[in-house]
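Every chain is numbered from 1, with letters handed out A, B, ... down the list of sequences.
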Number of protein chains: 2
Amino acid sequence: MDARSAPASIEELLDRILEVSDGLPKRLRQCAEYVAANPDRVAVSTVAEMSEGAGVQPSAFMRFCQVLGFSGFSQMQRLFRDSYAQNWPDYATRLEKLRESGAGSPSALLAEFVEAGRLSLENLAKTLDPRALDTAIKALSEANMVHIVGMRRAFSVASYLAYAFEKMNVPTMLHDSVGNLDSRHAIREGDAVIAITFAPYSPETVALAEAGARAGAKVVAITDSLASPLRPVTPLLLTVSEADFGDFRSLSATLSLAVALVVAVGTANRARKNGIP
Amino acid sequence: MDARSAPASIEELLDRILEVSDGLPKRLRQCAEYVAANPDRVAVSTVAEMSEGAGVQPSAFMRFCQVLGFSGFSQMQRLFRDSYAQNWPDYATRLEKLRESGAGSPSALLAEFVEAGRLSLENLAKTLDPRALDTAIKALSEANMVHIVGMRRAFSVASYLAYAFEKMNVPTMLHDSVGNLDSRHAIREGDAVIAITFAPYSPETVALAEAGARAGAKVVAITDSLASPLRPVTPLLLTVSEADFGDFRSLSATLSLAVALVVAVGTANRARKNGIP
DNA sequence: GCCATTATGGAAGATATGTTCCATTTTTCA
DNA sequence: TGAAAAATGGAACATATCTTCCATAATGGC
C-alpha cells in the first residue's frame with residue numbers, strides 16, 4: 001500500500017478509487033464499486049450499513065478505507081459530511097477573517113459574494129421541488145391578474161417580477177408602499193398573489209398575502225424556510241435558501257427562480273391563448 | 001407534552017415545529033429555530049454540533065427532540081438521513097437529466113437559468129478589473145451621499161442597492177420615477193451617483209448620470225458593455241455581462257457586484273469613522 | 001501438492017456519541 | 001416578597017459505532 005496521504009476532496013477520492021480498484025482483492029473491490037456507485041450514502045451511513053451494502057464484512061470496509069489513505073472510516077466520512085453540510089460555510093466568520101487579515105480587498109470580497117451566489121444556485125437546483133414549481137405556475141397562469149408584494153430586500157425581487165411579467169404581457173400589479181396607500185382590495189377572486197419575504201419577515205407582506213387568500217386569490221410564497229409565516233397562509237410554498245455572507249444575501253438564487261417563474265407562466269399563457277388546452 | 005407519535009416526514013416535522021414553537025421555553029425555541037433554518041445539517045451532525053449551533057446544551061437539544069415526539073436525537077436524525085440519500089444526484093448529472101427529460105418543463109427552465117446565473121458569476125469574477133472596483137469604492141465612500149438610479153430591469157438592482165446602503169448607514173437616495181418627479185437637483189458636489197443601465201439603455205438613467213456629473217458628483221456606472229452611453233459620462237465603469245437566456249437575464253452577477261460594492265463601501269466608511277486613515 | 005503469502009471473517013477492545021439524571025438557576029404566581 | 005414550578009447546565013452513564021487483532025481460509029508460486 002502506498003503511503004500517500006488521504007484525499008482532500010471527493011473528486012480526488014473518486015479518482016483514487018478508479019486508480020487503485022484494478023489491483024484490489026475481491027472484497028475490497030466490492031467496496032470500491034459500492035462507494036463509487038453510492039457516494040451520497042457515505043455521509044449518512046455507518047460502517048455496518050456500508051459494508052452490508054457492499055456485501056462485505058465491516059473489517060473489510062475498514063481496510064478499504066485505509067488502502068485509500070484514510071486512517072479509518074470516520075476520516076473518510078468526514079470528507080463527505082463536510083462537503084454536504086459545509087457547503088454552507090459560516091460566511092459571517094469568514095468575512096470577519098477577511099477583514100482582520102487585511103485580505104479584505106474589494107476584489108476578495110466580490111469573490112466571496114460570487115462564491116455565495118454560486119452555492120445558492122446549486123442548492124436551489126438541488127432542493128427545489130419540481131411539483132411545487134409546477135403547481136405554482138399552474139396557479140399563476142390561470143389567474144386573471146398577478147399581484148406582487150415584497151418589502152425591503154424582497155422588493156428588488158418583487159420589482160423584477162413586475163417588470164418581467166409586464167414584458168411577457170401578463171396582467172400585473174406591484175404592491176409597493178408608496179404613500180402608504182393600501183391596495184389590498186385590488187385583489188379579487190380568481191387573481192393570484194406572489195408574496196416574497198425573508199427573515200425577518202415583513203408583517204405587511206404577510207398581511208397582504210392573508211388578505212389575498214381571504215379574497216379568494218391563490219397565493220404563491222417565495223420565502224427562505226419552511227418556518228416562514230407564509231406557510232400557514234398557502235400550500236404553494238417555494239423555498240430558496242441563499243447563502244449568507246455577513247448580513248447580506250446575494251439573491252442570485254431567488255432571482256433565478258423569479259425569471260423561471262415568469263417565463264414559464266408567460267409561455268403557458270401564450271400556449272393557452274393559441275388554443276392549446 | 002402531548003403523547004403523539006413521532007413525525008414521519010420532514011414536512012410533518014417542520015409543521016410540528018411551527019405548531020409548538022410559540023409555547024416553547026427559550027432554549028428549546030433556539031433549537032426549533034436552528035433546525036428550521038438548517039434542516040440540512042441534522043443528517044450529518046452530532047448532538048454536540050447541533051446544540052452548539054443552536055447555542056444550547058446537548059441536554060436541551062435532547063429535550064427538544066423529545067418534545068417533538070421522538071425518543072431522542074437518533075430517531076430524529078434517522079428521518080433526515082433517510083430522506084437525504086434520495087435527493088442527491090449531484091448537480092451536474094441532475095442538470096443533464098432535467099435537460100433530457102422535460103425539455104420545456106418548468107424545472108428544466110429553472111435549471112437553465114441557474115446555469116446562466118452560474119456562468120455569469122464565473123465570468124464576473126474573471127473579468128472585473130480590481131482597480132476599477134477599487135476606485136469606484138473609493139469614490140463612493142468619500143461621497144457625502146450616494147444617489148442611485150436605474151430603470152426597468154435595472155430598477156431591481158437600484159432598489160437593492162438602496163436597501164443595502166441604508167442598512168449599512170450610508171446616506172442614500174433612490175431616484176425612482178414615481179409621479180415623474182424629477183429629482184436631479186438633489187445631486188450636489190461631493191455626492192456620488194450609481195447609474196445602472198443595460199441595453200437598450202434608458203435615456204432617463206443616462207440623463208440623470210449626466211446631470212450628476214455636471215453638478216460635480218462622481219458617477220459610478222454599472223452597465224453591460226464598454227459601448228454603453230455611460231462611457232462618455234464617467235471613467236468609473238463597472239461592466240458586467242450577464243448570460244442571456246431568451247429575452248431574460250438573471251441579474252445574478254450584477255447583484256453580487258452590488259452587494260460587494262455596498263459591503264466594501266460600508267466597511268470603508270466605518271473604518272474612517274473610527275479614525276483609521 | 002506443499003509452503004509462503006495474502007485475504008477474509010468474526011469477535012474483542014477502544015472510543016465517540018447519545019441519553020439520563022439531578023442539583024442549581026430562573027421564572028411564575030399567589 | 002416568597003414559595004412552587006419550570007427550565008437549565010453539566011456531569012455521569014449507557015450504548016452504538018468504529019477500530020484492531022488474530023485465527024482461519026484462500027491463493028499463488030515453486
Colleague: Walk along nucleotides 23-29 of chain D from 5' to 3' and tag each nucleotide B, S or - by protein heavy-atom contact under 4.0 Å, base first, then sugar-phosphate.
Modeller: -------

Colleague: Taking CZ from A/Phe61 and C1' from D/dT17, how many angstroms apart are they, rounded to a whole number?
Modeller: 14 Å

Colleague: Would you call A/Arg118 and A/Glu122 a salt bridge, taking side-chain N to carboxylate O under 4.0 Å as the test?
Modeller: yes

Colleague: Partners of B/Phe64 by ring pair (Phe, Tyr, Trp, His ring centres under 6.0 Å), sequence neighbours excluded?
Modeller: B/Phe61

Colleague: For A/Ser183, check side-chain hydrogen bond (donor to acceptor under 3.5 Å, both in side chains) against everything at least two apart and list the hits.
Modeller: A/His175

Colleague: Using the side-chain contact (heavy atoms from CB on, under 4.5 Å) criterion, which residues pair with A/Ser74? Sequence neighbours excluded.
Modeller: none

Colleague: To the nearest 0.5 Å, tell me how far A/Thr197 OG1 sits from A/Leu208 CG.
Modeller: 12.0 Å

Colleague: Rounded to the nearest angstrom, tell me the gap between atom CZ in B/Phe64 and atom P in D/dA7.
Modeller: 15 Å

Colleague: Does B/Arg27 have any side-chain hydrogen bond (donor to acceptor under 3.5 Å, both in side chains) partners at least two apart in sequence or in another chain, and if so, which?
Modeller: B/Gln30

Colleague: So what is the end-to-end bend of the helix from C/dG1-D/dC30 to C/dA30-D/dT1, with 5 pairs used at each end and the value given to 10 degrees?
Modeller: 30°

Colleague: With sequence neighbours excluded, what pairs up with B/Arg63 under the side-chain hydrogen bond (donor to acceptor under 3.5 Å, both in side chains) test?
Modeller: none

Colleague: For B/Ser120, check side-chain hydrogen bond (donor to acceptor under 3.5 Å, both in side chains) against everything at least two apart and list the hits.
Modeller: B/Glu242

Colleague: Without decimals, in angstroms, what is the distance between A/Gln30 CD and C/dA7 C1'?
Modeller: 12 Å

Colleague: B/Leu28 has an atom CG; how far is it from atom P of C/dT26, in whole Å?
Modeller: 17 Å

Colleague: Does B/Gln57 make a side-chain N or O approach to OP1 or OP2 of D/dG10 shorter than 4.0 Å?
Modeller: yes

Colleague: With sequence neighbours left out, write down each residue that passes side-chain contact (heavy atoms from CB on, under 4.5 Å) with A/Met151, or none if nothing qualifies.
Modeller: A/Val149, A/Ser177, A/Ser202, A/Glu204, A/Thr205

Colleague: List the residues meeting side-chain contact (heavy atoms from CB on, under 4.5 Å) with A/Gln75, not counting sequence neighbours, and say none if there are none.
Modeller: A/Ala6, A/Phe70, A/Ser71

Colleague: List the residues meeting ring pair (Phe, Tyr, Trp, His ring centres under 6.0 Å) with B/Phe165, not counting sequence neighbours, and say none if there are none.
Modeller: none

Colleague: In whole angstrom, give the distance that lies between atom CZ of A/Arg29 and atom C1' of C/dA7.
Modeller: 13 Å

Colleague: Could you run through nucleotides 15-20 of chain C and give me one letter per nucleotide, 5' to 3': B if any protein heavy atom sits under 4.0 Å from the base, S if only the sugar-phosphate is that close, - if neither?
Modeller: --SSSB

